[in-house]
Amino acid sequence: MTILLTILGIVLFVVGLLISIAWHELGHLSTAKLFGIRVPQYMVGFGPTIWSRKKGETEYGIKAIPAGGYIRMIGMFPPGPDGRIEARSTSPWRGMIEDARSAAFEELEPGDEDRLFYTRKPWKRVIVMFAGPFMNLILAVVIFIGLAMSFGFETQTTEVAGVQKCVIAQSEKRDTCEKGDPVSPAQAAGLLKGDKIVAFDGQRVDDWNTLSGLIRKTIGPATITVERDGTERVLHATLAKNMVAEKDSDGQAVPDKFVPAGYLGFAAASEIVPLTFPQSVDRMGGMIGDGVESIIALPSKIPDLWSAAFGDGPRKDDSPVGVVGAARIGGEVMNLDAPAQNVVAAMLFLVAGFNLSLFLFNMLPLLPLDGGHIAGALWESLRRKLARLFKRPDPGPFDVAKLMPVAYVVAGIFICFTLLVLVADVVNPVRIS
């Protein structure tokens with residue numbers, strides 16, 4: 001049964017992946033056609049074609065490797081300075097430029113002269129290239145906010161799930177009391193599992209973040225009002241100073257960072273709580289911010305990835321995960337000992353996270369990514385405006401093909417990084433709890 005559920009989880013993730021890719025390319029396709037650009041191909045996947053059908057002037061198809069997709073637009077790059085599409089050079093770098101330019105016109109047909117991508121105004125090209133990632137962002141936002149408002153997130157409450165018997169510095173990473181450890185303030189005060197803390201030192205509290213903040217600020221005597229068996233009781237505790245996990249601006253623990261603060265000594269219970277629309281939007285904004293930080297931090301994670309893949313290093317929870325790793329997580333999600341709605345929500349959150357990653361990654365201003373083409377169009381618009389401002393001749397379209405050698409280098413780096421993540425996902429995968 002476990003194997004069948006794992007296979008089902010992987011298949012469901014792959015289906016979600018294919019839908020996400022098709023949705024991305026639909027953004028490019030629809031806007032390209034809107035602006036009169038001819039699109040001969042719309043493909044989901046890479047490699048050999050499994051199925052295709054031509055409708056109108058566009059061939060629609062599915063390829064064997066579900067690792068991406070593309071649409072082919074005529075005239076992605078302008079002709080060379082001499083107006084020629086095809087030319088030959090003994091320089092390997094120049095050859096890359098000429099090959100890219102030639103490929104952009106290889107399916108040119110009579111009447112296509114006014115339907116070339118590069119002849120469209122820069123703002124139209126920006127829309128065409130931005131539309132793909134934007135579709136992924138829309139899908140991520142819709143799934144995330146829909147689930148946040150209907151299903152919710154696991155949230156810590158002010159109810160006591162358990163009481164720590166002694167004071168242990170969280171930096172020691174142990175949960176067993178040893179001889180000499182002092183009794184925890186919660187244990188000494190008589191706090192019990194199932195108690196609901198409704199006030200701390202006279203201040204009413206109804207959420208975990210407020211209560212946690214008050215506890216951390218307090219070292220010494222304090223009153224704790226709890227609701228037990230339908231009645232409120234006041235307990236007296238003397239909070240200790242202890243090394244506890246540092247928290248970020250969102251109230252989440254920062255891994256492997258600890259600060260001295262007030263300590264009571266109990267575990268808070270958790271429950272799944274739906275969010276309001278403003279709360280969902282705010283949390284989605286936080287996820288986008290975290291995603292940007294993760295993209296920026298990718299180079300710094302390479303040593304740990306290498307150690308996890310080829311050494312004996314651990315695979316950290318915030319380690320980059322590729323398509324194989326995400327599919328494997330999908331298999332683990334299906335095996336969770338949780339209600340069916342929780343499993344469905346987890347799978348949808350996985351797809352939403354993947355789409356958010358697609359958006360952020362594709363917006364990097366590097367060729368061959370969409371962000372690289374957007375940057376090229378914006379630069380063309382800027383230099384044409386400057387030429388008009390200073391009454392200089394129109395410089396014409398920006399020749400993005402000249403950046404193809406750089407694009408090949410960037411693509412090579414991405415391929416190497418992808419292979420490293422793939423090896424790590426196979427030999428030392430990220431696992432969920």
Side-chain angles (χ1 to χ4, degrees), residues 1-20 23 138-163 175 192-198 206-209 211-212 227-230 250-253 255 266-287 290-291 315 317-319 321 323-357 425 429-433:
M1 189 66 177
T2 299
I3 295 176
L4 290 176
L5 287 174
T6 300
I7 293 174
L8 177 60
I10 292 172
V11 169
L12 288 175
F13 175 79
V14 171
V15 170
L17 171 65
L18 290 174
I19 292 173
S20 302
W23 183 245
I138 290 174
L139 190 57
V141 169
V142 169
I143 293 175
F144 182 88
I145 292 182
L147 284 174
M149 295 181 65
S150 62
F151 181 77
F153 285 93
E154 188 173 24
T155 305
Q156 286 183 295
T157 68
T158 61
E159 183 177 333
V160 178
V163 177
D175 53 13
L192 300 177
K193 179 180 179 180
D195 285 348
K196 182 179 181 180
I197 300 176
V198 295
D206 56 9
D207 67 271
W208 167 248
N209 285 335
L211 176 59
S212 175
E227 187 178 284
R228 183 187 297 170
D229 298 329
D250 296 324
Q252 302 299 314
F266 75 96
S270 297
E271 63 181 10
I272 295 177
V273 180
L275 304 184
T276 63
F277 181 73
Q279 288 174 329
S280 301
V281 172
D282 182 65
R283 188 141 183 176
M284 183 73 214
M287 282 185 64
D290 292 342
R315 188 77 184 273
D317 292 340
D318 61 349
S319 175
V321 175
V323 173
V324 171
R328 189 165 185 165
I329 290 174
E332 292 187 11
V333 167
M334 292 302 296
N335 282 285
L336 288 176
D337 184 16
Q341 65 266 28
N342 294 38
V343 174
V344 172
M347 287 295 297
L348 289 173
F349 275 126
L350 183 62
V351 173
F354 179 79
N355 276 272
L356 179 59
S357 298
D425 284 341
V430 173
R431 299 187 182 277
I432 61 173
S433 58

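- Contact between Thr157 and Ala268 at its shortest, heavy atoms only, is O-CB, 3.3 Å.
- At least one side-chain heavy atom of Ile272 sits under 4.5 Å from a side-chain heavy atom of Asn342.
- Taking CD from Gln341 and CG from Leu147, the interatomic distance works out to 12.0 Å, rounded to the nearest 0.5 Å.
- A search for salt bridge (charged side-chain N to carboxylate O under 4.0 Å, His left out) contacts involving Arg315 returns Asp425, not counting sequence neighbours.
- Ser150 contributes a side-chain N or O that, together with a main-chain N or O of Gly146, makes up a donor-acceptor pair within less than 3.5 Å.
- Rounded to the nearest 0.5 Å, atoms CD1 (Ile329) and CZ (Arg431) are 10.0 Å apart.
- The minimum heavy-atom distance between Leu356 and Ala140, with the atom names listed, is N-CB, 3.8 Å.
- With rounding to the nearest 0.5 Å, the separation of CZ in Arg283 from CD1 in Ile145 is 12.5 Å.
- Atom CD of Gln156 and atom CZ of Phe153 lie 15.0 Å apart (nearest 0.5 Å).
- Formation of a donor-acceptor pair under 3.5 Å by the Thr158 side chain with backbone atoms of Ile197 is found in this model.
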Please walk me through it: do Val343 and Met334 pass side chain to side chain contact (heavy atoms under 4.5 Å, CB included)? CA-CA 6 Å; Val343 174; Met334 292 302 296; 3.7 Å; yes
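- Relative orientation of the Phe354 and Phe13 rings is perpendicular, given thresholds of 30° and 60° on the angle between their planes.
- Contact detail for Val430 and Ser319: the closest heavy-atom pair is CG2-CB, 4.3 Å.
- Contact record, Phe144 with Ser280: CE2-O, 3.7 Å, taken as the closest heavy-atom pair.
- Annotation: the span from Trp208 atom CH2 to Glu159 atom CD amounts to 12.5 Å, rounded to 0.5 Å.
- Note: Leu139 CG to Ile19 CD1 = 8.5 Å, rounded to the nearest 0.5 Å.
- The two residues Lys193 and Val163 come nearest to each other via the heavy atoms N-CG2, 4.3 Å.
- The shortest non-hydrogen separation linking Asn355 to Ser20 is ND2-OG, 2.8 Å.
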Full working for side chain to side chain contact (heavy atoms under 4.5 Å, CB included) between Asn335 and Thr6: CA-CA 7 Å; Asn335 282 285; Thr6 300; 2.8 Å; yes
